[in-house]
Every structure is written in structure tokens, then in C-alpha cells.
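The structure appears right after this line, and notes come after that.
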Amino acid sequence: MKKLLVVAALLTSTFASAELINSEYNARQNTTLENGIEKECGQFKSLEVLSSKKERVVVDQGIVDYKFTTVLYGKQKYEQNIYDKYTVTVVSWYYDGYDHASGENGWYHVESVVCEEL
């Protein structure tokens, strides 16, 4: 029984993606950023928000979108207990509209992800 619990714990920790540390974003936006980063750069052990910038973009007739530029620090496993360190810059958007996938107002989209090894 103990072996089964250890194996389950190891598999869970191996497949879990990193959460954003020090993020002031809501859960949906964090998930969108995490998925975008994983798609472009792979999985990280940890991701810490270093800075974030929010720009208000007036579209038309009361519609306001927001552009976010988020800079993160991350560690990615290279080999056994050796980690590469990265600066990850993500440009994302919040669109003032209806998100059919989540069934909620507002739609988050990742425009670009740049991963730079330190």
C-alpha cells in the first residue's frame, strides 16, 4: 500500500504544471498563461511573477479590452536535480466579450510567449 501511495505521489508531482507565484490575476487568467507557457516552452517546476503591466485599450462604443505584459522567472528541470533558469515574457489579452468555452464574460488569450535562458 505504501508503494502505491509513493508512486501516485511521484506521478502527480511529475505531471503537475507550475502555478504562478505572486500573481494578482484571477484563476482563469492564470490558467490561460500557464497553458500558453507550457505550449511554447514546456513544463516548469516553478514560475514566479516578477512584473506585470496592464494597458487599457478602448475599442468602440464602450468596449474596453486589456493588454497584459507579464514577466516571470522560472526553473525548468534539465537533468535529475539540475535546473535551467528562465525569464519568460508573456503578452496576453482580456477581451470584453463572451467566452463560450467557460460560459463566462470575458475571454483571455495569449498572444506571445518568449522564454530566455539565464
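Just so it is clear, the values below take in all heavy atoms, side chains as well, and ignore hydrogens, waters and symmetry mates.
Without hydrogens or angle criteria, Arg28 side chain to Ser102 main chain gives no donor-acceptor distance under 3.5 Å. No donor-acceptor distance shorter than 3.5 angstrom exists from the side chain of Asp96 to the backbone of Asp65, with no hydrogens or angles considered. A donor-acceptor contact shorter than 3.5 Å is absent between the side chain of Gln76 and the backbone of Lys45.
Taking CD of Glu116 as the start and SG of Cys41 as the end, the distance is 10.0 Å to the nearest 0.5 Å. Rounding to the nearest 0.5 angstrom, the gap separating the OH atom in Tyr95 from the CH2 atom in Trp107 is 5.5 Å. Atoms CD and CG, on Glu117 and Asp84 in that order, are 4.0 Å from each other to the nearest 0.5 Å. To the nearest 0.5 Å, the span separating NZ on Lys67 from NZ on Lys53 amounts to 7.5 Å.
The side-chain heavy atoms of Leu72 and Leu50, taken from C-beta on, include no pair separated by under 4.5 Å. For the pair Ser23 and Ile21, the minimum side-chain heavy-atom distance is 4.5 Å or more. Residues Arg56 and Val64 meet the side-chain proximity criterion, which asks for heavy atoms closer than 4.5 Å. Here the side chains of Trp93 and Phe68 are not in contact, with every heavy-atom distance at 4.5 Å or above. Taking 4.5 Å as the limit, every side-chain heavy atom of Thr89 sits out of range of all side-chain heavy atoms of Thr70. Side-chain contact between Tyr25 and Ser52: present, with at least one pair of heavy atoms (C-beta onward) separated by less than 4.5 Å.
Counting all heavy atoms, side chain and backbone alike, Glu34 lies closest to Leu20 at OE2-N, 3.6 Å. The heavy-atom pair separating Ser92 from Leu33 by the smallest distance is OG-CD2, 3.7 Å.
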For this session: Quick one: do Asn105 and Tyr98 satisfy side chain to side chain contact (heavy atoms under 4.5 Å, CB included)? Show the steps, please.
Result: CA-CA 5 Å; Asn105 287 328; Tyr98 184 73; 3.6 Å; yes
Exercise. Please walk me through it: do Glu55 and Tyr66 pass side chain to side chain contact (heavy atoms under 4.5 Å, CB included)?
Worked result: CA-CA 6 Å; Glu55 295 176 48; Tyr66 292 93; over 6 Å; no
Exercise. Hey, mind stepping through Leu47 and Glu19 against side chain to side chain contact (heavy atoms under 4.5 Å, CB included) and telling me if it holds?
Worked result: CA-CA 6 Å; Leu47 285 167; Glu19 291 184 20; over 6 Å; no
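When each of Ile37, Val90, Asn26, Val110 is checked for a side chain to side chain contact (heavy atoms under 4.5 Å, CB included) with Thr32, only Val110 meets the rule.
Around CD of Glu24, the count of heavy atoms belonging to other residues, nucleotides or ligands within 6.0 Å does not exceed 12.
Taking the six-membered ring for Trp and the full ring otherwise, the centers of Tyr86 and Phe44 sit less than 6.0 Å from each other.
Side chain to side chain, Asn30 and Tyr108 fail the donor-acceptor criterion of an N or O pair below 3.5 Å.
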